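Quick note on labels: first sequence line is chain A, next is B, and so on, each numbered from 1. Worth saying up front: this structure is predicted, and the values here are computed from it rather than measured.
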Protein chains: 2
Amino acid sequence: MPPSRQRNANTESVDNYLKAILALSGPEEQRVSSTSLADRLGVAPASVTNMLQKLASSLLPLVEYERHRGVLLSAAGKRRALEVLRHHRLIETFLYEVLDYPLEEVHEEAERLEHFISERFEERIAVKLGHPKFDPHGHCIPAMDGKMPKQISVPLTDLREQGTFVVDSVSDQDALLLRRLRAHGITPGARLQVASRPPDDFVLRTSGVSKALHLSRDLAAAVRIRSAH
Amino acid sequence: MPPSRQRNANTESVDNYLKAILALSGPEEQRVSSTSLADRLGVAPASVTNMLQKLASSLLPLVEYERHRGVLLSAAGKRRALEVLRHHRLIETFLYEVLDYPLEEVHEEAERLEHFISERFEERIAVKLGHPKFDPHGHCIPAMDGKMPKQISVPLTDLREQGTFVVDSVSDQDALLLRRLRAHGITPGARLQVASRPPDDFVLRTSGVSKALHLSRDLAAAVRIRSAH
DNA sequence: CTAATTCATTAGGCGCGCCTAAATATGGCG
DNA sequence: CGCCATATTTAGGCGCGCCTAATGAATTAG
């Protein structure tokens, strides 16, 4: 075995880098900076550089990386990232539907388990759940072939006009926030009348509740909406 | 923080050492040698010594260790080992009962996942399964408080007299072996007539099958039996 | 009771993923 | 255009869990 051989480590850490790049590069697949990765992953920027160099120079590179110019997923990297994302969202759905987890707690557990389940496990829970298309936060579950439909929703904070909307999805990043949203009846599928939106204060009405609802900016930022079909 | 502080790492590797010590020390809790641990874990003996020293000298030691005299679990170590064993066996039961895994495949998956599930996950699957006492191999599942009833079964290979018995449990260590046993109808609970046992050849009759069954030593070694109540 | 054999430990090293501190690009502004 | 602030990379180190080679302890055989 030649000494300079780099094996393609698919470790938990590698998975997390790939997921972060996928999330940060957005739908237009823009290059992602080291700093933003470092922020998101909670590691030092130097650690990011290190890892990116490793990922880029392996036999089957998972990223395309140029010094000082950010990073992008390679085809293989994207495949793996979507596989892990699929694991994550299937597990979330499973915890919610089958094991009766409260919505706020599915993310943390899925975040750990997504790296360790087998293909068989993935397939079995997908069957059990009837091949769901969305997780309980309203996020789309990538198909086995890695295809994902385009997002048509927008962040509530991007909204300019008033009107009636449907909650498309809620962020899974912050359990506390999520619980507060749920307490206000804001869960995927809920109907929402946006009455007005002065800066940093969102006045809403939800179905069945007469009183107006004020949402702070951080709460609103965790909600994506689409037009009431 | 004093520099010599050793944190009590509860990593996957530590868990595996604790499980191995639990298994090898047997019901009489005998001291376990470095070599037997090295064999079981598939690592070099030197690595074992290293780890044992670390485990023994942490703030809350997980093992009692004396140079050249082997190792034993401390109370804390035993607690953790039983917790992981409980995880393992609950997961196996879950995979078998809820996700319809074939019996031979539950072990490998459980072996990975046991280290990463939360207390909540453990509790939820236990509830879902109705707090089972045995896993699908026939092994007893430790209770939450770490209590385990004594084994009353004996290895088929230890048997001296003929007679009718019930299969208590089958080993989960070797998937191939397990599949061959299942093909012969030897699963926990099955009735077994032991007709004769010349060295290294076990002649059996199973319920419903008229033809005699010959088991090689390696197969027989994977079966534990008890008297047909 | 000594010698040989077997078992266990020490010593030193490696890859991984992280860190800090120091050096170096890049891009915007005066 | 050159300078500065910020972003990024390089250099050097650390703990973990593993390795091999060499040393040392325990046990068994003669």
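No side-chain heavy atom of Val127(B) sits less than 4.5 Å from a side-chain heavy atom of Asp100(A). Under the 4.5 Å side-chain criterion, counting only non-hydrogen atoms from C-beta, Ile125(A) is in contact with Leu99(B).
Taking 4.0 angstrom as the limit, Ser47(A) places a side-chain polar atom (N or O) nearer than this to OP1 or OP2 of dC19(C). Between Tyr17(A) and the phosphate of dC16(C), there is no side-chain N or O to OP1/OP2 separation shorter than 4.0 Å.
Using a 4.0 Å cut-off between charged side-chain N and carboxylate O, Glu104(B) and Arg182(B) make a salt bridge. Between Glu83(A) and Arg86(A), none of the side-chain N atoms (NZ, or NE/NH1/NH2) sits under 4.0 Å from a carboxylate O, so this pair counts as no salt bridge. A salt bridge does not link Arg120(A) with Glu109(B): none of the charged nitrogens is closer than 4.0 Å to a carboxylate oxygen.
In this structure, of dT9(C), dC19(D), dG17(C), it is dG17(C) that holds the atom nearest to the side chain of Met51(A). Distances from the side chain of Lys54(A) to the nucleotides dT9(D), dC19(D), dG17(C) place dG17(C) closest. The side chain of Ala44(A) sits closest to dT20(C) out of dT9(D), dT20(C), dT9(C).
Summarising the geometry, the separation between CD on Gln53(B) and P on dA11(C) is reported as 10 Å, rounded to the nearest angstrom. The CZ atom of Arg67(A) sits 8 Å away from the P atom of dT26(C) (whole-angstrom rounding). Spacing between atom CG of Asn16(A) and atom P of dC18(C) amounts to 9 Å, rounded to whole angstrom units. Rounding to whole angstrom units, CG of residue Leu41(A) and P of dC18(C) are separated by 8 Å. Rounded to whole angstrom, the span from the CG atom of Leu52(A) across to the P atom of dT9(D) amounts to 7 Å. Whole-Å rounding puts the Leu55(B) CG to dG17(D) C1' distance at 12 Å. Straight-line distance from the CZ atom of Arg31(B) to the P atom of dA26(D): 13 Å, rounded to whole Å. In this structure, Leu37(A) places its CG atom 11 Å from P of dT9(D), rounding to the nearest Å.
For the pair Ala46(A) and His68(A), both in contact range of DNA chain C, the more 5′-proximal nearest nucleotide belongs to Ala46(A).
Thr49(B) comes within 4.0 angstrom of a nucleotide base, judged by non-hydrogen atoms across all strands. Across all strands shown, Ser13(A) has heavy atoms under 4.0 Å from sugar-phosphate atoms exclusively, and none from any base.
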